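To keep things clear, I will list the structure first and then write my remarks on it.
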Amino acid sequence: MNLNIITGIIFLILAPLIGGLIAGADRIVTARMQGRVGPPLLQPFYDVSKLFEKETMVVTTTQYVYVVAYIVFIAFTGALFFSGGDILLVVFALTLAHVFLIMGAYASRSPYSVIGAERELIMLMAFEPAIILCAAGMYLVSKSFFVRDIISYNGAIILLIPGLFFAFLYVFTMKLRKSPFDISTSHHAHQELIKGLTTDFSGSVLGITEIAHWYETVFLLGFIYLFFAFNPVIGIIALIVIYLLEIYIDNVSARVRWSFALKSAWIITAVLGIVNIGILFFRWW
Amino acid sequence: MSKQVVIPFGPQHPVLPEPLHLDLVLEDEKVVDAIPTIGYVHRGLEKLVEKREYPQYVYIAERICGICSFIHGMTYCQGIEGIMNLEIPKRADYLRTIWSEYSRMHSHLLWLGLFADAMGFESLFMNAWRLREHILDDLEATTGGRVIQGSCKVGGVRRDISSEKLDEMASGLDSMQGELHDLVNVFLRDSSVRHRLKGTGILSKDDAYLQGAVGPTIRASGHSYDTRKIGYAAYGDLSFEPVVASAGDSYARCEVRAKEMFTSIDIVKQAVKKIPDGPIDMKVTGAPDGEYFARSEQPRGEVIHYIKGNGTKFLARHRVRTPTLANITPLVTILKGCELADVPIIVLSIDPCIGCAER
Amino acid sequence: MTYLARSPWVIHYDASSCNGCDIEVLACLTPLYDIERFGIINTGNPKHADVFLVTGSINEQNKEVIKNIYNQIPEPKVVVAIGICATSGGVFRECYNVMGGIDTMIPVDVYVPGCAARPEMIIDGVVKALGILEEKWAKMEAGKK
Amino acid sequence: MGLFSMTKMVFRSVSRKPATLMYPVRPAKSAAAFRGRILIEPLKCIACRKCEKSCPTQAITVDVKVRTWQIDRLRCIICNCCVEDCPTNCLSTENIYTNPMTVREGIEIYTVPPKPERKKETVDNSKTEE
Amino acid sequence: MELLIFLILFPALAGLLVLLLPKDFLHGAVVKCSALIVAIVSVVLFAAEWNKGIQIYSLASEPTGQLIFLIELLIAIFLLYIGIKNRQYLVIGLVIVQTALVIWLEMAHPVSEITKNLFVDELTLIMALIVGVIGGLIAIYATGYMREYHLQHKEARDRRPLFFCLILVFLSAMFGLIFSNNLVWIFFFWEVTTLCSFLLIGYSGTEDAKKNAFSALWMNLLGGLGFVIALIALTFIKGSSFELMTLITTGPAIALIPAVLIGFAGLTKSAQLPFSSWLLGAMVAPTPVSALLHSSTMVKAGVYIIVRFAPVFEHTYAGYAIALVGAVTFLIASMIAISQSNAKRVLAYSTVANLGLIIACAGIGTYEAMWAAIFLIIFHAIAKSLLFLCVGTAEHSLNSRDIEDMDGLVLKMPKVAGMILIGIAGMFLAPFGMLMSKYATMRAFLDTPGGFLLILILAFGSAVTVFFWSKWMGKIISVPPSSGETIEKRVSISEWAALYSLSALTIVVCFLIPVISSVIVERFLKTTYGMTTSLPFENVVIMILMLVLVLILPLTFLHYRKDKKHTGPYMCGRPVNDAYAFEGSLGIRRELVISNYYLDSWFGEAKLVPVGCAAGVVLILISFAAMLIGGVIL
Amino acid sequence: MIREEQKMQDITPDSLIRSVQAMKDGGKRLVQIGCARIGDIFEINYSFDKDYNFENLKLTIPSGLEVPSVSGIYTCAFVYENEIHDLYGIEITGIAIDFKGTFIRTSIKYPFGVVSSKEEDACQNKL
Ligand code: SF4
Ligand code: SF4
Ligand code: SF4
Ligand code: SF4
Ligand code: SF4
Ligand code: SF4
Ligand code: SF4
Ligand code: SF4
């Protein structure tokens, strides 16, 4: 076994902290873009701490189990990723985690949760091809599915699979639940689904979902970092720029309909995927 | 096995600022049927005319609603004045006009904000409401109330605006115009906004007329119907053209409202120029006897105050037909066949105000 | 130590208000007042909320709704009645369909006067409610032990 | 047509200071004309009950016998009618508002001067005051 | 060899016994016993042969060959009779052409010199296990199921002896198909499966059943025609052989033409586009039939034969075209599955899709692809049979096979619901088997030059798969308002036995992936390709870790059960009663109805089937063209 | 302020449908339907408008009389008719979308149909 368990464990400990700070910074920057002052940097931590102090109301206890499974597998996903594991397995684990979250919403059998769950599934459907193709692209470049090999590939992956990178960036917004793709649930803006997926979560269940989201954000940023792994400085700068870009896009666009989200994500992924993967294939053979 | 979904939408719903409920029947996300129910805000205030003397009732009439509060108060007063055949001072008419237009601007900005919120465009909402605070500041400075102005009374108005303040207001509006343009630009040009609005909730020209739509809702379907053209208050003296669009979709309704704000600015500026000096109110004695339908143009459209007096201080009947009530039928029509995600947009696109619809 | 006061999430319901107070509640969210500075988010969902802001008075049709929303807010929670309609029924007190202030239906913790209540008054009211929220939490914790 | 038409406003917001007023760190903005609450100078009141009658919400109760003037802050809609109708101008509107309260106690009672012995004096008094 | 012959003959004989037994006498017991025996013998066979590599057995073909020819003629006459009686001209035509060709083949080129008629290798063993164990379990299940079936379906004539007989004969035919080395024999068994499936689909005798039975028949006959032509081609091609194992090793230059033609037969049998409609139509049959057709027999015969020829397809354009047929079928069938609410149809489309994936692997034909294909076959057979049987059981209790009616099945039928969840998870979730196989598929595609389009299709197809499975899971676990009594009591013991075994298999086999891989599959690859592959070791560890996690997590339920406050769902503040009915407009009390999304306007059958069929036809024609160019001209 | 010219015309229940149809044929828009209770009789006003010309049909009926719905002519009449039914208790027959008394739910049934609230409670100072 060549897994670097240490980095995995470091991820497990640090990711919520970093994720929370990113969320806090995100909220401040968003507020500034709207001409407001915004909350303190540590606000996300206050929020989550509060949620754990509150009474937890459930429609059915099974909700709890699903949400716990969600965070366990999100953390697992990230840990596997950061310990250099197999990127396809990482993607599979991510899907598994999301399926658990979706089950949590389904379990309540409440109209808005269930519609949120359906939409989350649609979003998952829009998201999956892009990330799978990215993994495939990285494999074609580095000849390995293992993150540790991809990261030590000494060439600019981004230059070889820019198309896939863009496709991933497109669906990244969906995962961050930001406008224009905050379709299944959203952090801020009001939507026709109340809070969609998380409508019937409360107290600690919601708190867990939130922490899981931080894990996920850090993991996804890690994934993006892979594209820039040839140079850590450029990598970090790229991450910051990309995140700011996401906030900016969040603030300059209206929410789209699910149909548009799915269609556009698929078309972009398919077109860029064909071109980019095609080029890679013919470079090698 | 039907693949239909039947869900409650409202009364408590974050995108509906006011309680209205719809039973939505969906197929996937397509709305097959939407049946509304109102009554969550019904207070029964029309019946208070039996307990309040007609001059006092102005304050109730104002609180039919806090958004176009002023216009409700004014229309009520016009109704009483109509029955009693009062010719109120010209300056009062002008002041009423100015405040009406301020109400309209404040209301439209508020609506634009909520509309943006319904599209999930949070920062646009924030910006619209930030601009709206300018209007509110002026309203507060001149009437003493941000949303409930309380500056109208039977026979005139209760407060005057000094000429310096009037000029200041006009120039304030001028300087606001730039930012307003930027804001409106987003609503009318941004591709993500257009993607949501174009073709959503189309109300045909005939439907709009026969189903009794009013205000921006009918104007967006190609009818140039604007009650201000009757010429109440000082509108007869001022020149303006109703804003009309023809597409009949949510985008057209948004466009009409957005452009109307500039008309309002223009009207205010004309009024500030033309306003005559003189008294702002007159003494009213006696009690109304007779009936009258007072009509005026609210931000949401034509409002009708039907007033029937019986010669006592207490009116026999006061009834308000608010624009929202008239727009409910078109709303139900255009909701059918839309997407769930469009429900808030379409509902908001007629700018429903349940407060006054139910009184 | 509780974080409740640092992250009070609100839900707003328009009982039968005239909109005057509603729009002032909404105005609190906007740049000029920006209550997100205090960690306040308007969740629009009772299950996520800590503070229940009600404007307008109780009437025949919304009484059940208010109760339902109140019951779906997890403990500890506070109710803030905003505007004189919500505190006493206001101008519409005598209307046939108005049953009075919010406290005729659910316990109210803070009364904010005004018609319409100004955003500043609403902020004051919510801040006042936070103290009560903390007290309630302390009591809840004590109850657990 | 425009992708991201909002850009201009967003960058303007970022480059400027936030519009936030920072209440309560800094005091609230409010116009001089703002109707915050009704103020009485009890000494001037003659308990004529004019305000009570003009009040659309019955917020004011004047007890002529016990000589009290009472207002319910949780009823008053600050419409200004009482101020306008008071013959002695003892009422006014301040631009400070009533604070929120945790118990429903909006009633404030003021004692007003006793009724003068002779009617005439009162009239004289008020005249001199004017 | 005795075991092989036993497996081929015993089920058929047991079937005949059932048919001949007096009415209602011991049918169930006989079927159960013989199914059990078949299962046990196939395990014994496995135990005896697993480490022996390829074993080819000589068996004089003469008497058997003539018997086979005779039966073939009888079948043809029977089909002709049925066809004429029901005016199925297409069927009549196909039968006539096919029989003529067979007779011509038999007369002009007697192939009696072949002696190496039976064989066993690792792939055969795996198939035998699938047919024997899963098929046996399905047969056992069927005994309980059919009793209930006839109670509920009064319109169907009770011909249970015939039914069981056919099922058992079916198993025989499958064994024959996989054990035969003689292509003529394979063709014979091939036709027997066609016949059995035709009769089983038409079992209930309703108009609908008949119609679908005939459409299954003509499509499979069309495939059979391809098979015959392949046989005829063999007689013309120099250096070719009627022995399967010999033919395969001759390489594409010689074997490509028969491979593509037999591959075409395989495509029809495994219901690839444009031939997928027969399998969908087959849903009218009682559920055990569906389970049998979908998991261990019929369609598996189709993919089996293509997988057999995979080495021939490696690096050929024809193979690539066949792989694309599979891939396109995978994508389109998965998409259509989204729009289906009938549980059996969802399963059917998912079968079509997964077979497509297997065929895509086989068409690619590299050793990595083969690894993936074999595991796909294994896991698909287990999970799919489990799902079909669960749906059958649920259907009898709910009187509906609609997914929407499975709302809250966890409370109504907790055990069955749990098994469905295991089955579904087995179909698409990491760390269960199907997904691990997909992992291998992915790698295989990436490592071959032809994989370019396949990888894209796979990426999209997987995403779509997640959607329709998850929403089904969601439906099952969403808790209905009134948690009534469970209604599981009526389920018979034989049904439970099959269900429990299959659920256990689904999980256990996941743990066994490394073992199966090293013990069987890698040996097979080694002998076929001289190269082998497996999952990276650490991935296996991770996978098992995840599996353990998934199995442990539900236990946290016990911990969370206490002191949580329960409330109703969020209903926009509207008062709701216990049954989730709310105060609606017009004074009506409305039931809350929640249903899944079907996105009909995107993924509806009406929209996608024509597209898929067109693509299928084009690709098949391309494969023929490539075959001709590659095999005849070059 | 100008006082609008408003045409008022009295009609009877029999001529209601005919007159309303005539309005529609004349291309007029239904502005509102409202009701007032004067003593024991109800006045129902049907208002129309075309090009800012306001016209009103006034139907006077004693209590207890049923009124036919005009929602067959103008769909949007259903809003007003339901409202009149809920507030006054006047039976209106054949409303296109009949809420059956649930359009506006009130704590007192038919608040405008019963005696005025002034007569009913003397105290205005209640909480
Ligand atoms: S239309 Fe709306 S804003 Fe205007 S008075 Fe009515 S409720 Fe208020
Ligand atoms: S009598 Fe008084 S308390 Fe009763 S409903 Fe009427 S106004 Fe309200
Ligand atoms: S208190 Fe005044 S402003 Fe607020 S809702 Fe009541 S009437 Fe409207
Ligand atoms: S409140 Fe008292 S003084 Fe005023 S009108 Fe009523 S009874 Fe008369
Ligand atoms: S301001 Fe108005 S409501 Fe308040 S006490 Fe005076 S008259 Fe009454
Ligand atoms: S406050 Fe003024 S109006 Fe009221 S009782 Fe005193 S003197 Fe009279
Ligand atoms: S004050 Fe109270 S007790 Fe006295 S009459 Fe009024 S309601 Fe009745
Ligand atoms: S308000 Fe005072 S005077 Fe009027 S009824 Fe009540 S107690 Fe009597």
Side-chain angles (χ1 to χ4, degrees), chain B residues 10-21 37-48 50-52 56 59-60 62-69 72 106-107 110 113-114 117 122-123 125-133 136-137 140 145-148 150 353-356 358-359, chain C residues 11-34 36 42-46 48-49 52 54-66 68-69 72 83-85 89-99 114-120:
Chain B
Q12 190 273 320
H13 196 294
V15 292
L16 296 177
E18 287 180 89
L20 155 76
H21 100 216
T37 286
I38 58 170
Y40 289 97
V41 192
H42 180 68
R43 293 154 286 188
L45 56 85
E46 286 170 354
K47 208 166 167 65
L48 279 183
E50 295 164 7
K51 290 186 186 172
R52 298 279 188 278
Q56 260 186 353
Y59 307 103
I60 313 275
E62 272 192 328
R63 282 168 179 76
I64 289 174
C65 165
I67 305 179
C68 35
S69 148
H72 270 300
H106 126 70
S107 169
L110 173 132
L114 291 177
D117 195 42
E122 202 192 9
S123 67
F125 159 69
M126 293 289 179
N127 273 294
W129 280 55
R130 187 170 55 76
L131 272 184
R132 175 175 160 264
E133 291 285 333
L136 289 187
D137 284 348
E140 188 183 13
R146 277 163 55 92
V147 292
I148 305 275
C353 264
I354 313 303
C356 70
E358 300 174 4
R359 312 161 306 274
Chain C
I11 174 172
H12 163 228
Y13 182 67
D14 169 353
S16 57
S17 103
C18 76
N19 284 345
C21 290
D22 292 327
I23 55 179
E24 293 295 50
V25 169
L26 279 181
C28 290
L29 304 173
T30 59
L32 263 70
Y33 298 97
D34 186 28
E36 208 193 339
N42 183 7
T43 63
N45 175 357
H48 296 186
F52 188 15
V54 199
T55 55
S57 42
I58 302 278
N59 78 4
E60 179 63 19
Q61 205 168 338
N62 67 28
K63 58 184 184 192
E64 287 302 322
V65 178
I66 289 182
N68 185 297
I69 297 173
Q72 290 201 341
I84 60 140
C85 283
V91 244
F92 309 117
R93 199 170 69 252
E94 292 158 278
C95 295
Y96 56 83
N97 213 26
V98 172
M99 305 168 71
C115 180
R118 274 182 79 93
E120 287 94 353

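Every value quoted in this text rests on a predicted model; they were computed, and no experiment measured them. Only heavy atoms go into these numbers, but all of them, side chains included; no hydrogens, no water, no symmetry mates. Each chain gets a letter, A, B and so on, in the order the sequences are listed, and its residues count up from 1.
Closest approach of M126(B) and P31(C) over heavy atoms only: O-CD, 3.4 Å. The shortest non-hydrogen separation linking I64(B) to C18(C) is O-CB, 4.0 Å.
For a residue to count as touching a neighbouring chain, one of its non-hydrogen atoms must lie under 4.5 Å from one of that chain's; by this rule H106(B) touches chain C with the side chain only. Proximity to chain B is limited to the side chain of I11(C), based on heavy atoms less than 4.5 angstrom apart. E140(B) touches chain C through its side chain: at least one heavy atom from C-beta onward sits under 4.5 Å away, while N, CA, C and O do not.
The distance from atom CG of L136(B) to atom CD of E24(C), rounded to the nearest 0.5 Å, is 6.5 Å.
Contact annotation: the side chain of R132(B) approaches that of I23(C) to within less than 4.5 Å [non-hydrogen atoms, C-beta and beyond].
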Next item on the list: Please test L26(C) against D117(B) for side chain to side chain contact (heavy atoms under 4.5 Å, CB included), starting from the C-alpha separation and ending with a verdict.
Entry: CA-CA 11 Å; L26(C) 279 181; D117(B) 195 42; over 6 Å; no

Margin query: Applying side chain to side chain contact (heavy atoms under 4.5 Å, CB included) to L32(C) and W129(B), what does each step give before you reach the verdict?
Written below: CA-CA 9 Å; L32(C) 263 70; W129(B) 280 55; over 6 Å; no

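Comparing A27(C), C85(C), S57(C), C21(C) by heavy-atom pairs within less than 4.5 Å of chain B, the highest count is held by A27(C). When each of R130(B), R63(B), E62(B) is scored by its heavy-atom pairs under 4.5 Å with chain C, the top score falls to R63(B).
Every side chain to side chain contact (heavy atoms under 4.5 Å, CB included) that N68(C) has, sequence neighbours left out, goes to Q72(C), V576(E). Residues passing the ring-ring contact (aromatic ring centres under 6.0 Å, His included) test with H48(C): none are found, sequence neighbours excluded.
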